[in-house]
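The structure appears right after this line, and notes come after that.
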There are 2 protein chains.
Amino acid sequence: MNVTIKDVAKRANVAPSTVSRVIADNPRISKETKERVWKAMEELGYYPNAIARSLASKVTNTLGLIMPRSTEEAFSNPFFPEVMRGISVVAHREKYDLLLSTSGNQEEEKEAVINMVKGKRVDGIILLSSRTTDELIPWLRDEKFPFVVIGKPLDAKGVYWVDNDNIGASKLATNYLIKHGHREIAFISGSLEYVVSLDRLDGYKLALEENGIPFKRELVEQDEFSEDGGYRAMMRILEREKPTAVVVTDDVMAFGVIRAAIDKGYRVPEDISIVGFNNIPLSAFANPPLTTIDISTFDLGIKSAELLIARLKQKDVDTDHIIVPVKLVERKSCVAR
Amino acid sequence: MNVTIKDVAKRANVAPSTVSRVIADNPRISKETKERVWKAMEELGYYPNAIARSLASKVTNTLGLIMPRSTEEAFSNPFFPEVMRGISVVAHREKYDLLLSTSGNQEEEKEAVINMVKGKRVDGIILLSSRTTDELIPWLRDEKFPFVVIGKPLDAKGVYWVDNDNIGASKLATNYLIKHGHREIAFISGSLEYVVSLDRLDGYKLALEENGIPFKRELVEQDEFSEDGGYRAMMRILEREKPTAVVVTDDVMAFGVIRAAIDKGYRVPEDISIVGFNNIPLSAFANPPLTTIDISTFDLGIKSAELLIARLKQKDVDTDHIIVPVKLVERKSCVAR
DNA sequence: AGAAGAAATGCAATCGGTTTCATTTTAAAG
DNA sequence: CTTTAAAATGAAACCGATTGCATTTCTTCT
């Protein structure tokens, strides 16, 4: 069998508990003993069993990552790899590993979280996006399990979260179009079951209101977070309206929106201007290059991991949320009228 | 404290071992007892502790994913999220979770693997790319630990791997350019410490040879797998040569190559034709849309996970490797001369 | 030299399960 | 109504660590 702490103990002529303390570099063990034990570990090629250690110490040094919906779907949108990139940087720095649950739908997602939490497999959890109907958030809060949500939850009481100022960001995008002389501005977002969609819709409405432009329900559509989703939503709008500009809350969707506009015989940006969200790498290379709101996806990852780990280390952290700034990246998908 | 198997046992008036058997749905337990135990579990809100279970059973239902170099870097190239997407589909189907180690360099990578393997944290490992100088592969093989490599290892003896026919793929790309009348064809790849770069270089040479075109060392460059890397490599070539076409073994690098060509006053594709590799989403939208070799990245993920899990389930699998087919996607970055 | 306190180490319980083997219960057979 | 085998359950060891508390050893002081 494998070499265990006991084998090392025997070889070094000490008790297993002593070996354990040597591993932890406990100051109550004398220099000499430590050296003897280290030598024994070296000679036997000992390596601690992380599972056993976790069981005894109740610490896993692992962060759980929960993706929205199916893991498969999530990986299709560049947003998630990018936020994971941020998370991984911090996780690495702080010596945490990442456990990805692979769920297929909302029910499995719940199951996955329960498995992580009750199964004691992780020290904390990052939810990669917050849904309005999320049962996970209240559940985790009630369990008093450390977690951080990317995206402000509907009910943020007692939960730690990291997000952009989505209302402000959406106002920024809409105002940009208004300043360029647009008044018939459509708004396309992902499902309204995501808080982020709701917030951005609010920002859009606010911008209109502040500029005395009446809100028209017919100019608003939702669909899934994909190129096709954007295409379908835009098609529906173009069936009934003639917007001169559109705010799309996701760059991937924006590509679909552009495609729909072109299929309907419009030119972008000459006939219809477009502002996207997220500033994914593709956006700079799109045709036309997409004007978009850069939400600092990478930082969203960084901050959420930092917040979670801070919470893990000291029971109480001064802030319960972090707002990551956004900025508008001007490219070629908008035109003044 | 938490509800354990013992609490359930007490409540159901059975021994802990019986409860354990009920969880495993062992047929040697009577229907009535099972029902009594289930009821007790339900009433107490029992959930098995995965860590304890792993410790005893030596099974984790987790797959380890090892990214090349820094995890951060890996997430920047769309290749990796896409292969992970494939892996996650299979993992989900087979009820495995994914453990991502977060390493920063080659040394830490080794450390991470040792931690996973010796720490007994995973049942098997997928290496997301194989380096020529990889110590990991021989080490894992010697440990007799189940693992699969994406990318054919230099020494494939006794290791399971999934890859494209990279030599063939590279021949395909090069021949395509040759058929379009090009003879001064440059070749840009990532570092030659990756087997994939080596193989593709071989394919390139082979294609030249078969068409009686002399190989010129000056037309070949390597750099890191990034846009900048491609830019630098192309710049170096353009300092000394005047190729009419170039094969670039990574789409992200190809964008840099295009940028370099344009900076040097060439037009793409009119002056210089480009063929990329990987067919990442961005490629279709690039300017010009990139002609590229589609290596079925998603399938690479699917197949590697399937191969690993097959190996986990039955000690011996009939094949030790899988070749995923490639195809050339013709777009607008090449022109005949 | 003996007592007291500090330093170093060991003992044994514990974490929460699984699994082998023994024991009890039940059913079938003689 | 035994005998015997099969079925169901329990007892206890084990997986590989950690940790509270007890014990031994070493200093230091009187």
Side-chain angles (χ1 to χ4, degrees), chain A residues 1-41 44-62 114-123, chain B residues 1-41 44-62 114-123:
Chain A
M1 216 19 240
N2 241 297
V3 15
T4 77
I5 209 171
K6 286 179 192 164
D7 303 319
V8 176
K10 213 160 284 173
R11 173 133 192 158
N13 246 304
V14 295
S17 48
T18 302
V19 177
S20 174
R21 292 193 179 100
V22 172
I23 293 172
D25 205 21
N26 189 315
R28 295 161 33 135
I29 302 294
S30 71
K31 197 84 190 150
E32 301 79 56
T33 309
K34 274 185 184 170
E35 245 135 45
R36 198 146 36 86
V37 172
W38 281 330
K39 186 152 156 281
M41 297 196 319
L44 294 172
Y46 169 78
Y47 203 94
N49 180 316
I51 297 284
R53 191 195 272 243
S54 293
L55 179 58
S57 68
K58 303 184 173 316
V59 168
T60 62
N61 283 306
T62 304
I114 294 181
N115 181 32
M116 279 189 180
V117 174
K118 298 286 223 175
K120 302 278 186 294
R121 292 171 53 113
V122 297
D123 296 340
Chain B
M1 213 23 237
N2 242 300
V3 179
T4 76
I5 209 172
K6 285 177 192 164
D7 303 320
V8 175
K10 213 160 284 173
R11 173 131 191 159
N13 245 307
V14 295
S17 48
T18 302
V19 177
S20 174
R21 292 193 179 99
V22 172
I23 294 172
D25 206 20
N26 188 317
R28 293 163 34 138
I29 302 293
S30 71
K31 196 84 189 153
E32 302 79 55
T33 309
K34 275 185 183 170
E35 246 136 43
R36 197 146 36 88
V37 173
W38 281 330
K39 185 150 155 284
M41 298 196 318
L44 293 172
Y46 169 79
Y47 203 92
N49 180 317
I51 298 285
R53 191 196 274 245
S54 292
L55 179 58
S57 67
K58 302 181 173 321
V59 169
T60 63
N61 283 306
T62 304
I114 294 181
N115 181 33
M116 280 189 180
V117 173
K118 298 284 224 174
K120 304 276 185 297
R121 293 171 51 110
V122 298
D123 295 341

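Within the structure, every side-chain polar atom (N or O) of B/S57 is placed at least 4.0 Å from both OP1 and OP2 of D/dC15. The shortest distance between the side-chain N/O atoms of A/S20 and the OP1/OP2 oxygens of D/dT18 is below 4.0 Å. The phosphate of C/dG17 has OP1 or OP2 within less than 4.0 Å of a side-chain N or O from B/Y46. Taking side-chain N and O atoms only, B/K58 has a distance below 4.0 Å to OP1 or OP2 of D/dG16.
Both A/P16 and A/A52 lie close to DNA chain C; mapped to their nearest nucleotides by heavy-atom distance, the more 5′-ward contact belongs to A/P16. Projected onto DNA chain D by closest heavy-atom contact, B/R21 and B/L55 fall at different nucleotides, the more 5' of which corresponds to B/R21. When each of B/K34 and B/A56 is assigned the nucleotide of DNA chain D with its nearest heavy atom, B/K34 is the one assigned upstream, toward the 5' end.
The heavy-atom pair separating B/V14 from B/V37 by the smallest distance is CG2-CG2, 4.1 Å. Taking each heavy atom of A/L55 and B/A52 in turn, the nearest pair found is CD1-CB, 3.8 Å.
Regarding A/D25, its CG atom lies at a distance of 13 Å from the P atom of D/dT18, rounded to whole Å. Atom pair B/N2:CG and C/dC15:P shows a separation of 11 Å (rounding to whole Å applied). Spacing between atom CD1 of A/I5 and atom P of D/dT19 amounts to 11 Å, rounded to whole angstrom units. Rounded to a whole Å, the CG atom of B/D7 is 9 Å from the P atom of C/dG16. Rounding to whole angstrom units, CD of residue B/E32 and P of D/dA7 are separated by 15 Å. Residue B/M41 contributes atom CE, which lies 17 Å from atom P of C/dG16 at whole-angstrom precision. Put simply, CG on B/N61 is 15 Å from C1' on C/dG17, counting in whole angstrom units. Atom CD1 of A/I51 and atom P of D/dT18 are 13 Å apart (whole Å).
Checked by atom type and distance alone, the side chain of A/K34 pairs as donor or acceptor with a backbone atom of A/N26 at under 3.5 Å. Looking only at distances, no side-chain donor or acceptor of A/T62 sits under 3.5 Å from a matching main-chain atom of A/V122. B/S54 places a side-chain N or O within donor-acceptor distance of the main-chain N or O of B/A50, the cut-off being under 3.5 Å.
For B/P48, the side-chain atoms get nearest to C/dG17 when compared with the rest of D/dT18, C/dG17, C/dA8. Closest contact between the side chain of B/T18 and the listed nucleotides D/dA8, D/dG10, C/dT9 involves D/dG10.
A donor-acceptor contact under 3.5 Å is formed by the side chain of B/R28 with the base of D/dT9. Taking only distance into account, the side chain of A/R53 never meets the base of C/dT14 through a donor-acceptor pair shorter than 3.5 Å.
Residues B/Y46 and B/N2 are not in side-chain contact: their nearest non-hydrogen atoms beyond the backbone lie 4.5 Å or more apart.
The residue A/V14 sits close only to the backbone: its heavy atoms come under 4.0 Å of sugar-phosphate atoms, none of a base. Backbone-only engagement by B/N13 is indicated by non-hydrogen atom pairs under 4.0 Å involving sugar-phosphate atoms exclusively. Base contact: A/S17 has a heavy atom under 4.0 Å from a base atom.
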